[in-house]
Chemist: 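Provided herewith is a single structure, encoded as structure tokens, for subsequent inquiry.
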Amino acid sequence: MTDSIYSLTIKIEESIKTCLSRFLRGHIALSEENINLLIAPWSHYFTHSALDRWVRNVSKKPSENLNIENVPGDTLSFMEHSRTNNYPDYLDASLEKRNIKRSLREESELLFIKPEKFSSTLVYQGGFNKIFLLNLSLCSALKIRRVRDVRQPRFFNINKEIREKLLEELISCLKENEAGTWLAYRATEYFPKSLLEGLPEILRFYEDHPIKRNLFSCNAWSIMDGWRIYCALQREKGAKLIGSPHSINYGTSKYFWLREFDLNNLDEYFTWGWQYPASRPIRFFSPPKFSGLKRPVKPSKISANDSILITSAARPRHLLEQPYSPERFEQYLSEQLRLANACQVLTEKKVCIRTRPKEMGWNLGDMIRKIDNPNIKLEFQSGKFLARLKKSSIHICDNTSTTILESLWINHPTLIYISDAYFEISEDAKPAYQLLQQTGIFHTSIESLANHLKSVNADINAWWNKKDVQDSIVKFLKIQGNPEGGIKAWKKALLN
């Protein structure tokens, strides 16, 4: 995808978000800031994926039939649907004046938070281990509490009249773009009921809830409508919304929309040590998942005969998130297989490529079979990653995944290969990775990684135990995964 298409996508995304915000402000009593918190994730996911189909379709005979017989119940339902083949098939059919049925979940399995009188800070999906969160709650005299919630299926009836009015607004907002009318129809069909027909009811449910001082989460801000609606109403009454990353992508990737969403929509942000330009206050902190845990001082001692573990990224075949296109991800997968084959031939060890259980349309098994190397196997994620990691002689990560952090945290021999084929490291993050490059951990080419693996394969433990290697890891973790995060520090931060 060209830069011009990327720029166009961003422009259309902003137009859709602005239009939805203006439309909702006419129906509910929330500020523009809090409405944007609700609609920004869906606006982003929809625009980037739908516009991809427009760009790729050659016929472009868009249908102007409004199909609102079935509408996603919430943002999560839409995202689940957008990762199925039915989603691009439906969009393609609407560009060719063909009729196919949409298959999606119309129910909203919404998070309903129970009233909590005595706490001042609520934590939802904070990333902490259970024991640490319990101790944090006790240490704060129960002022910090985990959210008590129930997930209830809710079916909101479609309001045809309000959808038709929304369609008119979207057509007007997008009229200057060639794809505008088509996008307006599809957006009206896919805008979640939880953010339109069901929103007044959900807001009424929370109207009398006690006001909180702080609301914290690390991975619910972009997908959980029930949580965002509750937080939007609480912020109207004075609460502060606090976020934290849930993956290393936030501090590493050049392009990462979730980072931009969090930094632009939350009131305060706890990074893992990295700095990034933002309009909201940033505080250097630590990954919640490692809080209260001591990093092993001694490096892992591995068995030279164990297999090599490559942790892989996963993306749906048809899903676009500019500037990352399916073509670029396919190139990434091809490079991954070349990496796996090079490592296997060089070391004569078994190589396991670990990915998500859903292949998402790529037929990875077929791709591996074409290599014709029986010692390269595909492994789907199951069980705890750290337990699996300890059964490998070395871990190779070829993407900006949190497995980098987990592997370095437990001090397990690790190699990192990241090229611009798909994942791009930001300029701000490059100095941290250059620290690892100097000691042979980080590489930007398969040839460089293979040459290093060849030089250390005879005694991986000896290389990993070197002082300069261990020092580079400690320095990297301070920037990308700051280990300083005890109970007192978290208590002060969450009660501030």
Side-chain angles (χ1 to χ4, degrees), residues 129 245 247-252 271-275 284-311 339 343 346-347 349 384-418 425 428-445 448-486 489:
N129 67 67
S247 75
I248 203 172
N249 286 303
Y250 287 74
T252 291
T271 78
W272 295 352
W274 47 268
Q275 188 169 4
F284 297 151
F285 228 65
S286 62
K289 72 184 303 176
F290 296 132
S291 294
L293 302 177
K294 286 188 177 181
R295 181 173 178 262
V297 178
K298 291 184 178 180
S300 300
K301 190 171 183 180
I302 56 95
S303 170
N305 295 323
D306 284 342
S307 63
I308 294 172
L309 179 66
I310 297 178
T311 49
L339 169 68
C343 292
L346 182 70
T347 63
K349 295 178 181 178
K384 294 183 178 179
F385 170 67
L386 293 183
R388 172 62 183 89
L389 181 63
K390 292 175 183 178
K391 295 178 182 178
S392 67
S393 61
I394 196 164
H395 168 223
I396 300 175
C397 186
D398 66 358
N399 61 92
T400 54
S401 163
T402 308
T403 57
I404 293 173
L405 195 62
E406 293 174 304
S407 190
L408 295 178
W409 177 269
I410 69 165
N411 222 340
H412 188 84
T414 303
L415 293 174
I416 305 166
Y417 162 59
I418 298 175
I425 295 176
D428 292 328
K430 282 181 179 177
Y433 283 86
Q434 285 165 357
L435 292 169
L436 300 182
Q437 193 169 24
Q438 293 168 5
T439 55
I441 297 173
F442 175 69
H443 301 266
T444 56
S445 74
S448 171
L449 185 146
N451 287 334
H452 182 75
L453 183 58
K454 182 178 180 180
S455 68
V456 303
N457 186 54
D459 196 342
I460 293 174
N461 287 313
W463 162 65
W464 194 251
N465 275 277
K466 286 183 177 179
K467 186 178 184 303
D468 63 333
V469 174
Q470 289 295 304
D471 287 348
S472 71
I473 296 168
V474 171
K475 291 175 182 176
F476 176 85
L477 288 175
K478 283 185 178 180
I479 301 171
Q480 286 290 333
N482 178 23
E484 307 298 329

Chemist: State, to 0.1 Å, how close S286 and N482 come at their nearest heavy-atom pair, and which atoms those are.
Modeler: CB-O, 2.7 Å
Chemist: Report the C-alpha separation of L346 and N457 in whole Å, then their side-chain angles, then the decisive distance to 0.1 Å, and conclude whether the side chain to side chain contact (heavy atoms under 4.5 Å, CB included) test is met.
Modeler: CA-CA 9 Å; L346 182 70; N457 186 54; over 6 Å; no
Chemist: Can you pull the side-chain hydrogen bond (donor to acceptor under 3.5 Å, both in side chains) pairs that have at least one residue in residues 387-397, sequence neighbours excluded?
Modeler: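 Counting only pairs at least two positions apart or across chains, the side-chain hydrogen bond (donor to acceptor under 3.5 Å, both in side chains) contacts touching residues 387-397 are T311-H395, K349-S393, E379-R388, S392-H412, H395-S407.
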Chemist: Over all heavy atoms of both residues, which pair between I418 and D398 is shortest? Give the atoms and the distance, please.
Modeler: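 Looking at all heavy atoms of both residues, the closest pair is CG1-C, 4.4 Å.
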Chemist: On a heavy-atom basis, which atom in I394 and which in P413 lie closest, and how many Å separate them?
Modeler: CG1-O, 3.5 Å
Chemist: Going by salt bridge (charged side-chain N to carboxylate O under 4.0 Å, His left out), name the pairs with one or both residues in residues 287-311, residues two or more places apart or in two chains.
Modeler: K289-E406
Chemist: Using the test salt bridge (charged side-chain N to carboxylate O under 4.0 Å, His left out), find all partners of K454 that sit at least two apart in sequence or belong to another chain.
Modeler: none
Chemist: What are the two closest non-hydrogen atoms of P299 and W464, and how far apart are they?
Modeler: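 So the minimum-distance heavy-atom pair works out to CB-CD1, 3.5 Å.
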Chemist: Please list, chain by chain and in numerical order, all residues satisfying ring-ring contact (aromatic ring centres under 6.0 Å, His included) with F476, sequence neighbours excluded.
Modeler: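 For F476 the ring-ring contact (aromatic ring centres under 6.0 Å, His included) partners, ignoring immediate neighbours, are Y433.
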Chemist: Rounded at 0.5 Å granularity, tell me how far CD1 in I396 sits from CG in L415.
Modeler: 5.5 Å
Chemist: Test: salt bridge (charged side-chain N to carboxylate O under 4.0 Å, His left out). Region: residues 460-481. Which pairs qualify, not counting sequence neighbours?
Modeler: K467-D471
Chemist: Partners of S307 by side-chain hydrogen bond (donor to acceptor under 3.5 Å, both in side chains), sequence neighbours excluded?
Modeler: none
Chemist: For S401, check side chain to side chain contact (heavy atoms under 4.5 Å, CB included) against everything at least two apart and list the hits.
Modeler: C397, N399, T403
Chemist: Do any N or O atoms from the side chain of W463 and from the backbone of A458 form a donor-acceptor pair under 3.5 angstrom?
Modeler: no
Chemist: Identify the heavy atoms of G481 and W409 that sit nearest to each other, and give their distance.
Modeler: O-CZ3, 4.4 Å
Chemist: Would you please name every residue forming a ring-ring contact (aromatic ring centres under 6.0 Å, His included) with W274, sequence neighbours left out?
Modeler: none
Chemist: Test of understanding: with side chain to side chain contact (heavy atoms under 4.5 Å, CB included), list the residues that count as partners of Q437, not counting sequence neighbours.
Modeler: Q434, F442, T444
Chemist: By side-chain hydrogen bond (donor to acceptor under 3.5 Å, both in side chains), which residues pair with S472, not counting sequence neighbours?
Modeler: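 If we apply the side-chain hydrogen bond (donor to acceptor under 3.5 Å, both in side chains) test to S472, skipping adjacent residues, the hits are T439.
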Chemist: In the structure I gave you, are the side-chain heavy atoms of L436 and T414 within less than 4.5 Å of one another anywhere?
Modeler: no
Chemist: Please confirm whether the backbone N or O of I248 pairs with a side-chain atom of T402, one donor and one acceptor, at under 3.5 Å?
Modeler: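 Yes; judged by distance alone, with no hydrogens or angles, the pair exists.
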Chemist: Is there a side-chain contact between L405 and L477 (heavy atoms, below 4.5 Å)?
Modeler: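 In short, these two side chains touch, coming nearer than 4.5 Å.
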Chemist: Side-chain contact test, heavy atoms from C-beta onward, threshold under 4.5 Å: evaluate it for T252 versus I404 and give yes or no.
Modeler: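 T252 vs I404: side chains apart.
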Chemist: Mark yes or no for whether S300, through its side chain, and I410, through its backbone, hold a donor-acceptor pair below 3.5 Å.
Modeler: yes
Chemist: Going by the rule side-chain hydrogen bond (donor to acceptor under 3.5 Å, both in side chains), which residues pair with S448 if we only count those two or more places apart in sequence or in a different chain?
Modeler: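 For S448 the side-chain hydrogen bond (donor to acceptor under 3.5 Å, both in side chains) partners, ignoring immediate neighbours, are H443.
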Chemist: Of all the heavy-atom pairs spanning P296 and N411, show the shortest one and how long it is.
Modeler: O-ND2, 3.7 Å
Chemist: Please collect all salt bridge (charged side-chain N to carboxylate O under 4.0 Å, His left out) contacts where either partner lies in residues 456-465, sequence neighbours excluded, each pair once.
Modeler: none
